[in-house]
Amino acid sequence: MTTKTKAEPKSSGVTNGGARIVVDGDDEVLSPTDLSEMLAEGTKDSHDKAENCQFVKDFLRGRIKRELFKRGTAALYFVYAAMEEEIEKNEDHPHIAPIYFPAELHRREALARDLEYFYGEDWESQISLSAGTKPYVDRIHEVGQRDPVLLVAHSYTRYMGDLSGGQILKKVAQRALKLPSTGEGLNFYQFEGIHSQKGFKQLYRSRMNELELDAETKERIVGESNRAFSFNMMVFTELEEIGKTIKEEVQDAGLGHSHAEIMEGMDGGDINKCPYYAAKMVASGNPTYACQLAMTLLRHPPCQWALAAWVALLAGFTAWYLL
C-alpha cells in the first residue's frame, strides 16, 4: 500500500481545503483534517503503548489463561453495556445518528452469550464490575450524559478495533483455549450483520469524516480516544496482575498466530487502519519481536516461507510510513 499527496484528487468528496491524501486501492480520498486521519495520527503513541502491554503481547503469542479470558470478557461486557446504553440514548444526536449501526456493531448481546458459555445460565450473578474497569464505565456514562459528541471517540476506538485487530485475537483465543470451531465463547468477534469488514470500515470512517465538527471538537475527540486507550490499558494491567495469582497452566504457549491468519484477520491487510489492540505489532519493526518471530519460523520448516513473506510485509509498511 502506498500513500500519495495530491493537490487535485481524481475523485471528489467533502472538501476541507489543502492537499488531499489518496490511499491507493480502496477508493478513499482523505484530508489530514478529516477526523479519521486525525484519530489515526493523534493516537499513535497510545496505540503503541497499548500494543506493548505485557497482557496483550502474551495474548497475541497464545499465552492465555482461561480464567483471565473469562474475566476479560466480563470487563468487555460492562464496557459495551455502558457504551451502547449511552449511544442508544443519543441515537438522534446529530453527531451520533450518522454512525449509529446497532444491527451491525453492537456487542452487548454477543458478549452475554459468551458469558453464558463460560459461566452458565446464572452468569449475571457470577460477574461484577472490577475496580480496573469501573473508571472506564463511569467515563462513558459521563460523556453520554454531558457531552455526547465524545461518544464518537469511544465508538471508533472500540468498534473499529474489534473489526481489525480483534479478528486476530479471535483466532488466537480459539486455538489456545481449544474453543469449539462452531464459535461458542467467541460470539463477541462475530459480526453477522457485516458482509465486508473492509467495506464497512470505509463506510464508518466516511460517516465520521462527514460529521459537522469544528477543529476544537475534533481535537477533543482525539483526546478522548487517547483517554479510551488509557482506560483499556488499566483493564489490561488489572488482568495482568490477576494472572500472577492464577496457577492455571498456559493452554498453548508460543507463537499465537501465523502470517496468513494475520492477513486474513485484517480483511485485506488493512493493518494501518486498526485503532486498537496489537495487530500492528507484526508490522511495527520492533527488533525484539522480529527476532523472536524469525527464530520461531526457522524452527518449523513448513513455515519458513512465512518468514520471507513477513520480511516483505515489513518492508512494505516501512516504505508506507516513510512516504
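- Atom CZ of Phe188 and atom OH of Tyr77 lie 13.5 Å apart (nearest 0.5 Å).
- Of all non-hydrogen atoms in Phe69 and Ala173, the two that sit nearest each other are CE1-CB, 3.6 Å.
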(request) Carefully, step by step, assess Lys44 and Asp48 under the rule salt bridge (charged side-chain N to carboxylate O under 4.0 Å, His left out). (result) CA-CA 6 Å; Lys44 279 183 178 179; Asp48 290 342; over 6 Å; no

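- Counting heavy atoms from C-beta outward, Phe191 and Asp162 have side chains that approach closer than 4.5 Å.
- Side chains of Ser31 and Glu37: no donor on one and acceptor on the other come within 3.5 Å.
- Looking at Met38 and Asp34, their side chains never come closer than 4.5 Å, going by heavy atoms from C-beta outward.
- Rounded to the nearest 0.5 Å, atoms CG (Asp58) and NZ (Lys65) are 9.0 Å apart.
- Asp92 contributes no side-chain N or O that, together with a main-chain N or O of Ala97, makes up a donor-acceptor pair within less than 3.5 Å.
- A salt bridge does not link Lys218 with Asp214: none of the charged nitrogens is closer than 4.0 Å to a carboxylate oxygen.
- The aromatic rings of Phe59 and Phe55 stand perpendicular to each other, their planes meeting at an angle above 60°, with 30° marking the opposite boundary.
- Side-chain atoms of Gln126 come within 3.5 Å of backbone N or O of Tyr119 as a donor-acceptor pair.
- Note on Glu210 versus Arg207: no salt bridge recorded, every NZ/NE/NH1/NH2 to OD/OE distance being 4.0 Å or above.
- The heavy-atom pair separating His154 from Ala228 by the smallest distance is ND1-CB, 3.8 Å.
- Taken from CZ in Arg66 to CD1 in Ile246, the straight-line distance is 12.5 Å, to the nearest 0.5 Å.
- Of the residues listed (Leu151, Leu150, Val143), the one engaging Glu86 in a side chain to side chain contact (heavy atoms under 4.5 Å, CB included) is Leu151, and it is the only one.
- Within the 4.5 Å cutoff, no side-chain heavy atoms of Glu240 are placed close to those of Cys53.
- Lys70 places none of its side-chain heavy atoms less than 4.5 Å from the side chain of Ile127.
- Taking 4.0 Å as the cut-off between side-chain N and carboxylate O, Arg108 and Glu88 count as a salt-bridged pair.
- Checked by atom type and distance alone, the side chain of Glu91 never pairs as donor or acceptor with a backbone atom of Tyr100 at under 3.5 Å.
- Contact annotation: the side chain of Ile64 approaches that of Val172 to within less than 4.5 Å [non-hydrogen atoms, C-beta and beyond].
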(request) Test Thr217 against Leu211 for side chain to side chain contact (heavy atoms under 4.5 Å, CB included), laying out the working first. (result) CA-CA 11 Å; Thr217 302; Leu211 296 176; over 6 Å; no

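- No donor-acceptor pair closer than 3.5 Å links the side chain of Ser164 to the backbone N or O of Gly161.
- Minimum heavy-atom separation, Arg107 to Gln190: NH1-O, 3.1 Å.
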(message) Using side chain to side chain contact (heavy atoms under 4.5 Å, CB included), reason through Leu105 and Ile99 one step at a time and then give a plain yes or no.
(response) CA-CA 10 Å; Leu105 292 177; Ile99 57 171; over 6 Å; no

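- Salt-bridge formation is detected for the pair Lys89/Glu85: a Lys NZ or Arg NE/NH1/NH2 atom is positioned less than 4.0 Å from an Asp or Glu carboxylate oxygen.
- Ionic pairing of Arg220 and Glu216 is not present here: no N-O contact between side-chain nitrogen and carboxylate oxygen is shorter than 4.0 angstrom.
- Looking at Thr73 and Asp114, their side chains never bring a donor and an acceptor atom within 3.5 Å of each other.
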(request) Could you give me the CA-CA distance, side-chain angles and deciding distance for Thr157 and Leu39, then say whether side chain to side chain contact (heavy atoms under 4.5 Å, CB included) is met? (result) CA-CA 9 Å; Thr157 303; Leu39 281 164; 5.8 Å; no

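- For Lys49 and Asp45, the salt-bridge test fails: no basic side-chain N is under 4.0 Å from an acidic carboxylate O.
- Listed for the Asn90 side chain is no donor-acceptor partner under 3.5 Å among the backbone atoms of Pro148.
- Salt bridge status for Lys244 with Glu241: present, with a side-chain N to carboxylate O gap under 4.0 Å.
- In this model, a donor atom of one side chain and an acceptor atom of the other lie less than 3.5 Å apart for Asn232 and Arg158.
- Side-chain contact check for Leu213 versus His95: some heavy-atom pair is nearer than 4.5 Å.
- Two residues are said to be in side-chain contact when any heavy atoms from C-beta on lie closer than 4.5 Å; Met83 and Tyr159 meet this criterion.
- When side chains are defined from C-beta on, Glu104 does not count as touching Glu192, because their heavy atoms never get closer than 4.5 Å.
- A salt bridge does not link Arg71 to Glu238: none of the charged nitrogens lies less than 4.0 Å from a carboxylate oxygen.
- A side-chain donor-acceptor contact under 3.5 Å links Ser46 and Asn226.
- Contact record, Tyr117 with Gly185: CD2-CA, 3.6 Å, taken as the closest heavy-atom pair.
- Closest non-hydrogen pair, Tyr156 versus Ala40, comes out as OH-N, 4.5 Å.
- Using the six-membered ring where Trp is involved, Phe101 and Tyr204 have ring planes that are tilted, between 30° and 60° apart.
- Separating the CE atom in Met160 from the OG atom in Ser36 is a distance of 11.0 Å, to the nearest 0.5 Å.
- Judged by distance alone, the side chains of Thr43 and Ser225 never bring a donor and an acceptor atom under 3.5 Å apart.
- Heavy-atom minimum distance, Leu179 versus Glu184: CB-O, 4.1 Å.
- If you take OG1 on Thr133 and CG on Leu76, they are separated by 8.5 Å, rounding to the nearest 0.5 Å.
- To the nearest 0.5 Å, the span separating OG on Ser230 from CD on Glu224 amounts to 10.0 Å.
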